[in-house]
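Below you'll find the structure, written out as structure tokens, and then a few comments.
In what follows, chains are A, B, ... by sequence order, proteins preceding strands, each numbered from 1.
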2 protein chains.
Amino acid sequence: MQQTIQIAVADDHTLFRKGLIRLLESLGSHYKIIIEASDGKDFSEQLLASSVIPDIAILDINMPNKNGFETVQWLNNTYPNVKVLIISMIEREESIVRLLKMGVKGYLSKDVEPEDLEEAINSILHKGFYYTDFITGKLMHNLIYGDTKSEYVLLTEKEIELLQLLSTDLTYKEIAQSLDTTVKTIDYQRDALCKKLNVVSRLGLAIYAIKNNIITL
Amino acid sequence: MQQTIQIAVADDHTLFRKGLIRLLESLGSHYKIIIEASDGKDFSEQLLASSVIPDIAILDINMPNKNGFETVQWLNNTYPNVKVLIISMIEREESIVRLLKMGVKGYLSKDVEPEDLEEAINSILHKGFYYTDFITGKLMHNLIYGDTKSEYVLLTEKEIELLQLLSTDLTYKEIAQSLDTTVKTIDYQRDALCKKLNVVSRLGLAIYAIKNNIITL
DNA sequence: AAAAAAATCAGGGAAATCCCTTAGTGATTG
DNA sequence: CAATCACTAAGGGATTTCCCTGATTTTTTT
């Protein structure tokens, strides 16, 4: 008989998560789902309380409370031996490369076949990683053309507030009034934010804000 | 023995779709998945070629080739007796209300429990519909506060192309060049589009485009 | 404590956006 | 067939945005 594989799953979409677990279970009885979490926070809490450490953690990127990035970071610090397989819908090169740099062992899109999922798990457990041509392609592209300075940027509360205001059709004057400052300062801050986020216009900022869930539509 | 329930499923995320099908099958052997499609176009083609008409079609909203709205419209014209259950991640009031107006029988978020899925299917087949408090709430809110003039607007190919260009940081001049026209025409068209979509600025257009999946992030 | 970096604000100017009017064209309709 | 509508295009002007320099202050680093 094969050795038991302990699996943890974290994804906020219940139907997807439950379906995924059914798929995993149907791969064979040696796959044991020991943790089923609805977000990163829930996952961390369950893992801390658990007597069993999973061999592999299957994580989504977009989750409330603690997202995929934060959860991977937490795992790296707390349980560095747990291998991470990301399953996500988003395929932004920046996100993928960032996760690879953080040491995740595999990355799957939500539109792969169940067989690929099994292969990914086995590959991670036996070879230590599972990188498809798509992923290595992204990685190579990033190495060659990648914007080395565009590491992940953390925005301050202030910057987020400003970004939210800039993503409306308020004018600088109106924004300045509501933040109790001058048009020129808003202008400066907009410029600084553009440089930080590597975009060229207010429109670019708004698109960044939407992409990164800084404003809710 | 219970009567067989013929089900069609269309969703572009393979893992989700396969998992959903496992969940449905595990509800009981009288649930038969007769069509499994990766998008609306695939769904229509399979249905046209099929000798069996499903009792219920479970559709995603965001799909390539033919999205949920278009698929429902097509079903209404071609197979008006097929009941539609939407399962989607997006919870925008406008989208939900628009689908309800189009006659869909139920709407589920992807983060409900599998039991809700079963209840939704049974409710639709026996009562004819499944509307949660959340959905009826949205509907009521829309009836009272809804923007009556902002019926759903269909954009032409041209308008979509323009909208996509306006949602970048290209200037009017650059957009005019790429569309082989003048700045003044772009300006006019931007204005016309603003009026049509009920927004006041280019930024508003970009936000509309993102909200309505006209540009991919 | 001194030096460096970052933030606030101003002036100014070029470019872009927004919005108005007008004019010609082609298609649709009463 | 005239009238209306939709589209292209231009002029013009008010406003906004973008980007530069530069002075002053605040914060961070050494």
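- Contact annotation: the side chain of A/K196 never approaches that of A/Y208 to less than 4.5 Å [non-hydrogen atoms, C-beta and beyond].
- In this structure, A/Y79 and A/L48 have side chains that are in contact, with non-hydrogen atoms separated by less than 4.5 Å.
- A/P64 is listed as a side-chain neighbour of A/D12, based on a closest heavy-atom distance under 4.5 Å.
- Contact of the A/L205 side chain with the A/C194 side chain is registered, since non-hydrogen atoms from C-beta on lie closer than 4.5 Å.
- Across the protein-nucleic acid pair, B/Y188 atom OH and C/dT25 atom C1' stand 13 Å apart, rounded to whole Å.
- Along DNA chain D, the stretch of nucleotides lying under 4.0 Å from any heavy atom of chain B spans, 5' to 3', D/dC7 to D/dG12.
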Query raised in the report: Base, backbone or nothing for each nucleotide of nucleotides 14-23 of chain C, written B, S, -, heavy atoms under 4.0 angstrom, 5' to 3'?
Result: --SSBB----
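- The minimum heavy-atom distance between B/T71 and B/M63, with the atom names listed, is OG1-CE, 4.0 Å.
- The CD1 atom of A/I7 sits 7.5 Å away from the CG atom of A/L125 when rounded to the nearest 0.5 Å.
- Between A/K18 and A/E36, at least one side-chain N (NZ, or NE/NH1/NH2) sits under 4.0 Å from a carboxylate O, which counts as a salt bridge.
- In this structure, the side chains of B/K110 and B/H13 come closer than 4.5 Å at one or more pairs of heavy atoms.
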